[in-house]
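Encoded as structure tokens, the structure appears first; notes follow it.
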Amino acid sequence: MSRDWFTAGRAAPLWFGCFGPTIGPMQPATQSSLSRTNRGTVHHWRQTLIPTTREAPADAESPSHVLLSRAGYIRRLGAGIYDYLPLAWRVLRKVSQIVREEMEAAGGSELLLPAMLPIELYAGTKRDVTYGDLLFKVTDRKGAVSALGPTHEEPVTELVKGSVTSYKQLPLNLFQIQTKYRDEARPRSGLLRCREFIMKDAYSFHMEVEGTGGLNEAYDAMYRAYTNIFTRCGLSFTAVEAESGPIGGSASHEFMVNCESGEDTILVCPVSGYAANVEKCETGARHGTLDGAPTGALTEVHTPGLPGIHEVGKFMGVKPERMLKTIVFQVEGRAAGVSGEPMGGPHEPKWVLAVVRGDHDVNEGKVKAATGYAVTLADEKAARAAGFAIGYVSPRMVSRAGEGGGGAVVMVVDHDAAAGGFWASGSDKPDHHVKHFNWGREVGETLRDPRYVKLADVRNAMAGDPSPRAEGAKLEARRGIEVGHIFKLGTKYSEAIGLTILDQAQQKRPVIMGCYGIGVTRTMAACVEMSHDADGIIWPGAIAPYHVLITVMKHDSEQHLDGARRVAADLAAAGMDVLIDDRDERPGVKFKDADLIGIPVRVTVGDKALAEGAVEFKARKDKGKGENVKFEEVVARCAAAVETVL
RNA sequence: CGGGGUGUAGCGCAGCUUGGUAGCGCGUUUGACUGGGGGUCAAAAGGUCGUGGGUUCAAAUCCCGCCACCCCGACCA
């Protein structure tokens with residue numbers, strides 16, 4: 001049998017054994033410490049801590065939270081704060097090791113940075129403000145404030161600033177795997193949203209975006225490394241295009257574990273393979289012309305005190321998809337990185353109206369792209385002062401609001417909202433809506449002025465929308481859990497912190513950066529969400545805490561224990577990690593616990609099989625009782641099973 | 001941050017309305033029987049009832065403050 005059976009099917013780097021040589025009952029130190037080895041570990045249940053319980057803590061709801069708690073992997077110590085017990089730590093180390101190997105293979109270099117960071121470090125990038133309450137802060141005896149690092153862009157940029165002095169030292173990719181902190185408003189779902197969690201973050205530094213040594217090259221290498229990592233972990237995942245978010249930067253991908261219980265929605269095109277998260281997802285061509293004929297006389301309806309579009313629609317007898325939702329944004333300045341002329345003619349507008357159908361959601365990023373302006377949801381007070389009846393705004397306001405009307409307001413209309421037929425809309429005065437809204441009649445002249453009104457894709461994509469990449473195909477919605485995220489950062493942090501380097505032409509330039517994160521603890525939880533059944537966890541072989549669980553039927557039978565240890569020694573010699581359940585428990589208890597903790601293969605040593613010179617073999621994912629396998633065939637069977645579980 | 005809810009033994013819960021110093025299941029310990037899917041019987045250990053104050057002869061129970069935690073929403077590089 002191949003020594004690197006568990007790395008088959010991929011370009012395997014040198015394998016020195018997951019955790020280095022381990023000394024167990026079956027492994028004399030003299031043997032295991034001699035040399036590099038892929039010898040597995042053998043542990044006994046009674047010598048470790050696996051506190052399984054019949055019932056989960058009352059606060060556990062998601063499958064990963066319930067099962068990791070019940071199976072003795074984690075314990076909650078505070079809101080969003082967990083102990084990682086021995087089984088969990090073994091999983092986390094295996095995930096980390098895979099991450100480490102792939103990051104190093106992709107040119108990364110591991111280091112460790114402080115968790116406690118002087119708050120001044122964050123002042124430079126204003127993240128002490130933009131991160132806000134999400135940033136954990138501690139005060140020392142002198143009153144100095146430190147942040148507990150939620151990510152490490154600032155310290156690593158600071159480090160490189162002080163230690164890299166020549167473009168010849170770039171590119172550089174530094175990564176760390178360590179505990180990070182975020183004061184989440186609402187920690188939930190166990191390990192999926194914690195306040196303290198383990199994360200791998202990598203940061204790359206470049207002089208150029210393009211070409212050898214450039215950001216794009218590193219980004220692509222990271223993309224491939226992430227694909228390798230999650231594939232090796234045995235996860236079913238999708239890489240999706242994503243908005244780069246408040247962290248800044250130009251491009252990003254999220255790696256999502258496919259799982260119905262996931263919090264995030266992603267959209268995929270089944271034909272082209274295009275995949276993106278809801279915020280980023282484009283839609284294919286849609287048609288709307290604003291040319292529809294009136295459906296009747298504009299009728300005002302009194303709609304007092306109704307909280308949302310659905311309630312208003314119900315009250316008026318109009319479906320949300322026949323209502324216009326007009327959202328008021330305020331302009332924050334020209335948008336960076338948006339090509340084309342901004343709207344509004346010579347003067348920068350103050351307000352942007354975005355109109356979508358009542359059943360659709362406005363997408364701020366798309367509004368920004370369509371108008372050429374950075375926008376935020378309008379401050380309610382300021383908007384009211386400018387004449388907007390917030391909650392009851394209609395598209396008519398494009399030519400009415402603001403100081404002197406025209407020019408102060410521009411409007412982007414989503415294609416679906418521009419269709420003909422019946423529309424209901426706000427009426428620009430509180431507690432009133434209108435029926436039979438007609439674009440041409442109600443908005444008038446301004447509607448045809450491309451400086452002020454534009455048709456554009458300004459809403460979130462939904463399942464059923466036309467694919468942007470394949471004619472005739474429809475987008476499908478899937479659920480997922482984000483476990484990795486890669487960004488092209490650009491110069492945001494290097495400029496803020498002053499990381500500039502002289503290039504070959506003796507020009508001082510800010511260093512171009514990328515950053516690449518993987519939630520290690522979240523990956524473990526996501527894997528459980530993805531792979532479990534009613535009885536417990538079902539680990540993929542690559543990140544299971546042990547590959548094989550040997551259940552000893554009679555803990556006090558020398559014959560049983562000998563058999564177990566013999567099998568364990570063979571398995572360990574073949575590189576598999578083995579846990580021997582040597583507890584004085586009834587068989588039923590042991591089988592229940594075996595299913596619960598989810599080791600991929602269970603080998604049972606008992607009288608029945610021993611009588612045939614065999615043990616009982618059962619893969620966790622298989623139903624039924626298992627089958628007898630001769631001692632000399634056990635290793636091959638287990639190895640094959642662990643591989644197929646991969 | 002808004003809304004809802006919960007704090008009683010290691011875990012899951014009852015008791016609170018109508019005050020009288022705490023109970024159930026699981027787990028744990030001891031013994032016996034048992035022995036291939038959370039077994040049976042017997043005995044036992046284990047609780048400042050989140051916390052501070054108040055009312056009362058008497059508070060888990062009623063009143064006030066605080067704290068912690070959970071759920072829904074907002075938020076979520």
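Below, chains carry the letters A, B, ... as their sequence lines are ordered, and counting in each starts from 1. We use all heavy atoms of the structure for the numbers below, so side chains are in, but hydrogens, waters and symmetry mates are not. Remember, it's a predicted structure, so these values are computed and weren't measured experimentally.
In this structure, A/Y219 has its ring center no closer than 6.0 Å to that of A/H206. Outside the 6.0 Å centre-distance limit, the rings of A/F136 and A/Y131 are not counted as a close aromatic pair.
Comment: A/R565 does not engage A/D582 in a salt bridge, judged by the lack of any side-chain N to carboxylate O separation of less than 4.0 angstrom. Ion pairing between A/E263 and A/R188 holds under the 4.0 Å rule for side-chain N and carboxylate O.
On the C1' atoms, B/C71 is 32 Å away from B/U28, given to the nearest whole Å. When the C1' atom is used for both B/C62 and B/U55, the distance is 8 Å, rounded to whole Å. For the C1' atoms, the distance from B/G35 to B/G50 is 44 Å, rounded to whole Å.
Computed from coordinates, the A/E55 CD to B/U28 P distance equals 14 Å when rounded to whole Å. Taking atom CG on A/D584 and atom C1' on B/U34, their separation rounds to 12 Å, with Å as the unit. Spacing between atom CG of A/L77 and atom P of B/C11 amounts to 12 Å, rounded to whole angstrom units.
By the neighbour-count criterion of 12 heavy atoms within 6.0 Å, atom CG of A/D83 is densely surrounded, having more than that number from other residues, nucleotides or ligands.
You'll find that the side chain of A/E585 is closest to B/U28, out of B/G37, B/U28, B/C11.
Not a single donor-acceptor pair, N or O on each side, falls under 3.5 Å between the base of B/G27 and the side chain of A/R70.
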A correct 5'-to-3' footprint of nucleotides 66-73 of chain B, with B, S and - meaning base, sugar-phosphate only and no protein heavy atom under 4.0 Å, is ---SSSBB
Could you go over nucleotides 39-49 of chain B and give all protein N or O partners under 3.5 Å, atom names and distances?
residue: B/G39; atom: N9; partner: A/R586; partner atom: NE; Å: 3.4
residue: B/G39; atom: N7; partner: A/R586; partner atom: NE; Å: 2.9
residue: B/G39; atom: N7; partner: A/R586; partner atom: NH1; Å: 3.0

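How far CD1 of A/I550 is from NE2 of A/H44: 8.5 Å, rounded to the nearest 0.5 Å.
Residue A/A594 is classed as having no contact, given no heavy-atom separation below 4.0 Å to the nucleic acid. Counting non-hydrogen atoms under 4.0 angstrom, A/K590 reaches nothing in the nucleic acid. Among the protein residues, A/D133 comes within range of no part of the nucleic acid, since none of its heavy atoms lies under 4.0 Å from any strand.
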